[in-house]
Trainee: 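Here you go, one structure.
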Amino acid sequence: MNTIILASASPRRIEIMQKNGVHPLVIPADVDETLPFQMSPESAAMFLALKKADAVAAETLQDSTVIAADTMVICNGKIIGKPTNEMDAFLILKRLRNTCHHVITGVCIIDTAKNSKTCFFEDTAVFFKDYSDEEILAYTATPEPYDKAGGYAIQGTFKKYIDHIEGDFDNVVGFPWTRIKPYLR
């Protein structure tokens with residue numbers, strides 16, 4: 001049986017896999033995430049996932065399945081990254097307030113035994129409620145928003161500000177498990 005390798009140290013991705021009975025070998029990819037040219041968010045997410053998967057697959061055991069992902073938050077056509085500090089987190093969440101944004105995750109799966117690569121993306125629309133500046137400040141005073149694109153955790157305390165989503169919940173948490181699972185058989 002193939003060794004399942006997760007090319008990410010994301011606690012949320014590890015948790016999704018473990019709660020579904022998969023205990024991957026975790027080998028975070030160390031790659032330059034600079035894009036070589038302008039591309040759509042969907043293409044960029046898949047490009048970066050492929051780059052991460054290729055880097056880890058090049059140094060792994062035979063007969064392994066390498067899973068890599070890259071997640072982006074898009075609002076009004078602009079990529080919103082991880083906040084760098086409390087003010088940045090505040091401004092991001094203020095911009096997302098009472099709007100819809102998209103969480104796009106690019107995934108690349110390399111099966112070294114079959115010499116195959118598969119890349120795809122998942123797009124989930126997230127609709128935020130209207131919340132106050134004071135509520136944002138209270139949230140940004142916690143450690144929760146700082147290692148996440150978009151500055152929030154849908155599964156954390158910020159979930160009370162989510163009106164609804166259209167798409168895969170796990171995609172917003174870490175990556176689209178239902179799309180990945182069939183490749184692990």
Side-chain angles (χ1 to χ4, degrees), residues 1-74 78-84 92 101-124 126 143-156 167-185:
M1 182 168 167
N2 280 359
T3 301
I4 307 297
I5 299 172
L6 178 62
S8 170
S10 163
R12 290 156 304 278
R13 291 181 182 137
I14 295 166
E15 183 180 315
I16 288 170
M17 293 185 82
Q18 289 178 343
K19 93 175 176 190
N20 286 285
V22 177
H23 300 277
L25 176 60
V26 176
I27 304 175
D30 183 21
V31 299
D32 177 6
E33 295 191 27
T34 304
L35 298 173
F37 51 85
Q38 186 73 21
M39 57 181 82
S40 71
E42 297 84 357
S43 294
M46 289 187 294
F47 173 84
L48 293 173
L50 174 61
K51 195 170 182 181
K52 293 172 184 180
D54 277 341
V56 171
E59 298 187 19
T60 60
L61 309 167
Q62 292 294 329
D63 298 338
S64 59
T65 299
V66 178
I67 303 165
D70 192 82
T71 299
M72 297 183 177
V73 171
I74 310 298
K78 297 198 183 326
I79 296 173
I80 298 174
K82 297 175 184 178
T84 55
I92 288 170
H101 63 275
H102 292 263
V103 177
I104 297 169
T105 303
V107 176
C108 183
I109 301 168
I110 298 177
D111 185 328
T112 61
K114 295 178 183 173
N115 197 26
S116 69
K117 292 182 187 181
T118 302
C119 292
F120 58 85
F121 72 90
E122 186 72 24
D123 182 348
T124 303
V126 181
E144 192 171 280
Y146 297 101
D147 68 338
K148 296 157 192 76
Y152 71 94
I154 195 170
Q155 75 282 12
D168 185 327
F169 178 82
D170 281 340
N171 185 50
V172 183
V173 175
F175 59 14
W177 176 251
T178 56
R179 300 260 325 258
I180 294 168
K181 186 178 177 179
Y183 293 94
L184 303 182
R185 292 183 182 161

Trainee: Is there a donor-acceptor pair closer than 3.5 Å between any side-chain N or O of K78 and the backbone N or O of I74?
Mentor: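 Not confirmed, K78 side chain does not pair with I74 backbone.
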Trainee: When you measure from the side chain of S8 to the backbone of A68, do you find a donor-acceptor pair of N or O atoms at a distance under 3.5 Å?
Mentor: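 Between the backbone of A68 and the side chain of S8 there is no qualifying donor-acceptor contact (under 3.5 Å).
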Trainee: Is the backbone N or O of D168 less than 3.5 Å from a side-chain atom of T124, with the two atoms forming a donor-acceptor pair by type?
Mentor: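 A pair under 3.5 Å: yes.
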Trainee: Just say parallel, tilted or perpendicular for the rings of F120 and Y183, cut-offs at 30° and 60°.
Mentor: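 Parallel, since the angle between the ring planes stays under 30°.
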Trainee: State the CG-CD1 distance between L6 and I67, to the nearest 0.5 angstrom.
Mentor: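 One finds 6.5 Å between CG of L6 and CD1 of I67.
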Trainee: Using residues 46-58 as the side-chain source, report each donor-acceptor pair under 3.5 Å to any protein atom, sequence neighbours left out, with the distance given to one decimal.
Mentor:
residue: K51; atom: NZ; partner: D32; partner atom: O; Å: 2.6
residue: K52; atom: NZ; partner: A69; partner atom: O; Å: 3.2
residue: K52; atom: NZ; partner: D70; partner atom: OD1; Å: 2.9
residue: D54; atom: OD1; partner: K117; partner atom: NZ; Å: 2.7
residue: D54; atom: OD2; partner: K117; partner atom: NZ; Å: 3.4

Trainee: With sequence neighbours left out, which residue pairs that include part of residues 10-30 fulfil the salt bridge (Lys or Arg N to Asp or Glu O under 4.0 Å) condition?
Mentor: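 The answer is R12-D147, K19-D170.
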Trainee: If we ignore angles and hydrogens, is there a donor and acceptor under 3.5 Å between the side chains of S116 and D111?
Mentor: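 There is no such pair (donor and acceptor under 3.5 Å, judged by atom type) between the side chains of S116 and D111.
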Trainee: Any chance you could measure I109, atom CD1, to L184, atom CG, to the nearest 0.5 Å?
Mentor: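 Rounded to the nearest 0.5 Å, the CD1-CG separation comes to 6.5 Å.
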Trainee: Report the residues that fulfil ring pair (Phe, Tyr, Trp, His ring centres under 6.0 Å) with H102, sequence neighbours left out, ordered by chain and then residue number.
Mentor: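 Scan of H102 (ring pair (Phe, Tyr, Trp, His ring centres under 6.0 Å), adjacent residues dropped) gives none.
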Trainee: I would like to know whether I154 and F169 meet side-chain contact (heavy atoms from CB on, under 4.5 Å); could you show each step before the answer?
Mentor: CA-CA 8 Å; I154 195 170; F169 178 82; 3.8 Å; yes
Trainee: So does D63 get a backbone contact from the side chain of T112, meaning a donor-acceptor N/O pair under 3.5 Å?
Mentor: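 It does hold such a pair.
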Trainee: In Å, rounded to the nearest 0.5 Å, how long is the span from CD1 of I27 to OG1 of T3?
Mentor: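 Interatomic distance, I27 CD1 to T3 OG1, rounded to 0.5 Å: 9.0 Å.
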Trainee: Do you know the tightest heavy-atom contact between P176 and V107?
Mentor: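 Of all heavy-atom pairs spanning P176 and V107, the closest is CD-CG2, 3.9 Å.
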Trainee: Find the distance between OG (S64) and CD (E59) and round it off to the nearest 0.5 Å.
Mentor: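 S64 OG to E59 CD: 12.0 Å, rounded to 0.5 Å.
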Trainee: Between N171 and V103, is there a donor-acceptor pair closer than 3.5 Å when you use the side chain of the first and the backbone of the second?
Mentor: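 Side chain of N171 to backbone of V103, a donor-acceptor pair under 3.5 Å: yes, one is there.
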Trainee: Which atom names give the shortest non-hydrogen contact between V172 and Y152, and what distance separates them?
Mentor: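 Minimum heavy-atom separation between V172 and Y152: CG1-OH, 3.8 Å.
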Trainee: Starting at CG of N20, measure out to NZ of K181 and round the result to the nearest 0.5 Å.
Mentor: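 Interatomic distance, N20 CG to K181 NZ, rounded to 0.5 Å: 6.5 Å.
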